[in-house]
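Quick note: numbers below take in every heavy atom, side chains included, and nothing from hydrogens, waters or symmetry partners.
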Amino acid sequence: MRPIDEQVVLVTGATDGLGKALAIDLAARGATVLLHGRDDRRGSDAIEEVRGATGSNRLGWYRADLSSLDQVRSLAGQVRRDHDRLHTLVNNAGIGSTVPGGGERQESADGYELRFAVNYLAGYLLTRGLQSLLVASAPARIVNVSSIGQAPIDFDDVMLTRDYNGGRAYTQSKLAQVMMTIDTAADLSGTGVTVNALHPATYMPTKIVASPMSPLEEGVRATSRLVTDPTLDGVSGEFFNGMTIARANEQAYDPVARRRLRELSDQLTRARS
């Protein structure tokens with residue numbers, strides 16, 4: 001991997017929590033950091049906070065609501081138009097089991113179960129949209145911020161229209177991220193682009209966590225390592241629990257389940273192409 005001060009990094013969900021703290025960490029190391037969020041005012045505030053903390057002027061802002069696949073496509077297109085290099089994509093943006101919505105089932109702009117749409121489908125589509133730019137910029141990395149909380153996907157009711165549970169919706173979407181990680185790593189083998197997922201830390205103090213347990217710095221350290229650590233060159237298709245390679249839910253290693261998920265994801269993300 002090239003030195004961090006030569007890298008362009010896109011961090012989704014960078015207006016608060018882990019995403020903003022990661023942006024500060026990477027900007028302080030000299031990276032060009034592109035921050036994403038869904039609100040321009042909060043984006044402006046985040047840019048100013050990162051600049052104030054690091055002195056960096058190598059910052060960019062992109063607004064997109066990841067509950068809309070059209071806006072995800074637009075985000076990928078804007079990044080491709082504005083930059084001829086992208087060395088790391090951090091798919092960090094996500095929503096929790098009860099925030100927003102208080103535990104009620106919600107749907108995205110495209111009519112999909114909201115947590116599956118935002119936590120998984122948006123990252124799937126954004127990764128596909130930026131894949132050619134990442135390959136052209138290799139060596140490059142994709143980091144998917146997942147969770148140790150994972151539940152197998154019920155392919156007969158992926159959108160959880162029966163007996164909805166917010167915890168199930170969240171953990172299903174997080175396993176889907178790991179399954180995508182394994183498949184994308186295989187697809188990009190030999191290109192110089194690695195793909196890994198991680199559980200950064202348990203219940204960090206972010207807006208989607210009611211009772212924090214781990215300091216934010218713990219999650220930043222683990223996530224930043226997957227972006228910057230040269231000893232991880234060539235490591236791909238892995239799930240990390242913090243700093244350590246770990247075992248994901250068994251469904252992640254089922255090639256038939258991953259194929260079904262990929263086929264479904266292609267169908268859903270192309271539905272409004």
Side-chain angles (χ1 to χ4, degrees), residues 12 66-73 76 89 91-97 105-132 134-135 142-191 193-199 236-241 245-273:
T12 67
L66 300 191
S67 70
S68 164
L69 293 178
D70 282 343
Q71 291 195 34
V72 176
R73 291 188 188 91
L89 166 62
N91 284 311
N92 165 72
I95 54 179
S97 58
R105 185 181 183 277
Q106 297 171 285
E107 292 189 346
S108 71
D110 303 279
Y112 306 142
E113 192 280 312
L114 187 64
R115 279 142 184 86
F116 190 78
V118 173
N119 294 352
Y120 168 64
L121 285 177
Y124 181 90
L125 183 58
L126 184 61
T127 298
R128 294 297 178 271
L130 294 174
Q131 184 169 301
S132 61
L134 287 158
V135 170
I142 300 168
V143 177
N144 295 319
V145 179
S146 182
S147 173
I148 199 71
Q150 302 167 9
I153 298 166
D154 177 0
F155 286 99
D156 292 326
D157 188 26
V158 175
M159 298 304 161
L160 302 179
T161 57
R162 304 187 300 267
D163 300 319
Y164 176 83
N165 176 278
R168 168 112 185 142
Y170 176 81
T171 52
Q172 170 184 267
S173 71
K174 290 298 170 177
L175 178 58
Q177 286 183 299
V178 179
M179 295 166 78
M180 174 185 80
T181 296
I182 295 171
D183 268 356
T184 308
D187 287 346
L188 296 179
S189 178
T191 66
V193 180
T194 61
V195 192
N196 292 292
L198 86 157
H199 168 75
S236 194
E238 299 289 356
F239 171 68
F240 286 76
N241 183 357
I245 292 177
R247 188 82 178 170
N249 182 281
E250 287 305 311
Q251 193 183 52
Y253 307 104
D254 179 350
V256 174
R258 293 202 311 273
R259 176 182 54 76
R260 291 184 72 181
L261 177 62
R262 181 167 189 155
E263 290 174 351
L264 175 65
S265 303
D266 283 342
Q267 174 190 341
L268 296 178
T269 57
R270 292 170 182 169
R272 299 199 174 193
S273 296

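Closest heavy-atom contact between Ala197 and Val178: CB-CG2, 4.4 Å. Residue Met159 comes nearest to Leu268 through the heavy atom pair CE-CD1, 3.5 Å, listed as atom of the first residue, atom of the second, then distance. Annotation for Asn241 and Ile148: closest pair ND2-CD1, 3.8 Å, computed over non-hydrogen atoms. When all heavy atoms are compared, the tightest approach of Asp154 to Arg162 is OD2-NH2, 4.0 Å. Considering all non-hydrogen atoms of both residues, Thr181 and Val195 come closest at CG2-O, 3.6 Å. Taking every heavy atom of both residues into account, Leu125 and Leu69 meet most closely at CD2-O, 3.7 Å.
The distance from the CG atom of Asn196 to the CD1 atom of Ile182 is 10.0 Å, given to the nearest 0.5 Å. Distance check, rounded to the nearest 0.5 Å: CD of Gln131 to CG of Leu89 gives 10.5 Å. Distance check, rounded to the nearest 0.5 Å: CG of Leu126 to CD of Gln71 gives 12.5 Å. Atoms CZ and CG, on Arg105 and Asp163 in that order, are 12.0 Å from each other to the nearest 0.5 Å. Distance check, rounded to the nearest 0.5 Å: NE2 of His199 to CZ of Phe240 gives 14.0 Å. If you take CD on Gln251 and CZ on Arg258, they are separated by 10.5 Å, rounding to the nearest 0.5 Å.
A cation-pi arrangement is absent between Arg168 and Tyr164, since the terminal nitrogen or guanidinium carbon is not both under 6.0 Å from the aromatic centre and inside a 45° cone about the axis.
Two residues are said to be in side-chain contact when any heavy atoms from C-beta on lie closer than 4.5 Å; Arg247 and Tyr253 meet this criterion. Within the 4.5 Å cutoff, no side-chain heavy atoms of Thr269 are placed close to those of Arg128. Considering only heavy atoms from C-beta on, Arg260 stays 4.5 Å or farther from Leu264 through its side chain. The side-chain heavy atoms of Ile95 and Asn119, taken from C-beta on, include a pair separated by under 4.5 Å.
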> When you look at Leu188 and Ile142, which way does the side-chain contact (heavy atoms from CB on, under 4.5 Å) test go after all the steps?
Replying inline: CA-CA 11 Å; Leu188 296 179; Ile142 300 168; 4.1 Å; yes

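Remark: the backbone N or O of Phe116 is not paired with any side-chain donor or acceptor of Gln172 at under 3.5 angstrom. Formation of a donor-acceptor pair under 3.5 Å by the Ser67 side chain with backbone atoms of Ser108 is not found in this model. Arg115 places no side-chain N or O within donor-acceptor distance of the main-chain N or O of Ser173, the cut-off being under 3.5 Å. Remark: the backbone N or O of Val158 is not paired with any side-chain donor or acceptor of Glu113 at under 3.5 angstrom. For Asn165 (side chain) and Gly167 (main-chain N/O), a donor-acceptor pair under 3.5 Å exists by modelled atom type. Remark: the backbone N or O of Arg262 is not paired with any side-chain donor or acceptor of Asp183 at under 3.5 angstrom. The backbone N or O of Val145 lies less than 3.5 Å from no partner atom in the side chain of Asn92, so there is not a single donor-acceptor pair. Side-chain atoms of Gln150 come within 3.5 Å of backbone atoms of Asn249 as a donor-acceptor pair (strictly under, hydrogens ignored). A donor-acceptor contact shorter than 3.5 Å is absent between the side chain of Asn91 and the backbone of Thr12.
Side-chain atoms of Tyr124 and Asp266 include a donor-acceptor pair closer than 3.5 Å.
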